[in-house]
Amino acid sequence: MKIDGKAFRSIWREDDGSRRGVVKIIDQRWLPHDLRIEPLRDRAAFAVAIRDMWVRGAPLIGATAAYGVAVQMAQDPSDALLDETWDVLHETRPTAINLRWALDDMRTRLRQLPPEERAEAAYARADMICEEDVEMNRKIGEHGLAIIRDIAAQKAPGEPVRILTHCNAGWPATVDWGTATSPIYQAVAAGIPVHVFVDETRPRNQGAQLTAWELNSHGVPHDLIVDNAGGHLMQHGEVDMVIVGTDRTTANGDVCNKIGTYLKALAAKANGVPFYVALPSPTIDWTVGDGVREIPIEERSGSEVTHVQGRDAQGRIVTVQVSPDGTGARNPAFDVTPANLVTGLITERGVCEASPDALAAMFPDRAPGR
Ligand code: MRU
């Protein structure tokens, strides 16, 4: 997608005169106020970038980890370093399954090769993971567009389809397109009027800082709302559908996503608002059934709750404290929306019910034991 009219991806390999170039990312901690691009040159830099959320969003975390493996293979392609890299990168963030998916994918392929061939193959596979992500998200957009088109058809001409989204499941969370935003971008391209309600998404404000920024860059009409406003808007008939992303969806169809997603799903159910989840298939964890009990939920620092970052009147990015000295904070970063609250899963293969049978029917080649 574009920033100031220039096409960007969230991660890319750039020619720097060296044999394999350098991996670069947008350091998302400073958006929307500052566009900082950083090179990641060694495994430690990749681990920091994922753990400290320079990059974030399940698909992008996976793609970043894949390049982290490649960079390590260029330095030492031994079995020992391959395993150690899997461990070091895997422990950075526990919830998004795309991280483990990408690390498993890389290790399985590279193990079959002699060490001297691993670096080249690793870079090629990491590039491919990025291309696959872009294509999956493009297709998610096509399938989601059909849903938006149906809703638009029930409205008066010119009346926008009002879509609520939570967190940032936009292009910065993926390599390109986004998951939840891809149908929105494709609806806009198809000339369907849309209006997006963007949950701010405390504590880290991915909605306010990233989703609002990218929609703004692409001229998509939107309003930023506080996290607690969604229920009210739904109750008053101001939301036609919800589309969110996910960090891990179980074989049963339970959806783990940014904290607060569950409350939006409850409000949507209570008000008859369709609640869709957009996901590329690497986000499905076929080894887990019950998401509430089995998915590890990342607990982040309480300082993300007690403090907030923004731009001051002088244009400086500053962090301020919002709670009293001495107040403790809990900061679970994700929650699980049970499958029965989900209207449909928008995947690269099409839209299906959030149920074990529907998921297995959509992915018969992936679902184990069927
Ligand atoms: O903590 P984050 O910012 O990495 O969380 C991101 C989300 O929860 C996204 O909604 C999810 O990864 C889907 S991204 C396409």
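First listed ligand is number 1; within each ligand, the first listed atom is number 1.
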Just which atoms of ligand 1 are under 4.0 Å from any heavy atom in Thr174? 15 (C)
Met53-ligand 1 polar pair, N/O distance under 3.5 Å: no
Under 4.0 angstrom from ligand 1, any heavy atom of Ala96? no
Regarding Asp285 and Thr287, is there a side-chain donor-to-acceptor distance under 3.5 Å anywhere? yes
Does ligand 1 have a heavy atom under 4.0 Å from the side chain of Arg93, from its backbone, from both, or from neither? side chain
Pick one of side chain, backbone, both or neither for how Pro59 approaches ligand 1, counting any non-hydrogen atom pair under 4.0 Å. side chain
Would you say the side-chain atoms of Asp127 and Tyr67 include a donor-acceptor pair closer than 3.5 Å? yes
Indicate whether any N or O donor in one side chain lies under 3.5 Å from an N or O acceptor in the other, for Arg56 and Gln206. no
Answer yes or no: does atom CG of Asp312 have more than 12 heavy-atom neighbours from other residues, nucleotides or ligands under 6.0 Å? yes
Note: Glu132-Arg125 ion pair, threshold 4.0 Å (strictly below): yes
Per-atom filter on ligand 1: closer than 4.0 angstrom to a heavy atom of Asn168 are 9 (C), 10 (O)
Hey, does His166 come in under 3.5 Å of ligand 1, counting only N/O atoms on both sides? no
Would you check whether Lys258 has a nitrogen or oxygen atom less than 3.5 angstrom from a nitrogen or oxygen atom of ligand 1? yes
Please state which option from Thr179, Asn137, Ile259 has its nearest heavy atom closest to atom 15 (C) of ligand 1. Thr179
Asn168 and side chain to side chain donor-acceptor pair (under 3.5 Å): which single residue from Asn205, Thr211, Thr174 fits? Thr211
I'd like to check which ligand 1 atoms, numbered from 1 as shown, lie under 4.0 Å from a non-hydrogen atom of Ala173. 14 (S), 15 (C)
Below 3.5 Å, N or O to N or O, backbone or side chain included: is there any such pair between Ala169 and ligand 1? no
Could you check if a side-chain atom of Ile37 sits within less than 4.5 angstrom of a side-chain atom of Trp12, using non-hydrogen atoms only? yes
Without hydrogens or angle criteria, can the side chains of Trp30 and Asp27 be said to hold a donor-acceptor pair below 3.5 Å? yes
Ligand 1 contacted by Thr283 (non-hydrogen, < 4.0 Å): no
Below 3.5 angstrom, do we get any N/O pair linking Gln206 and ligand 1? yes
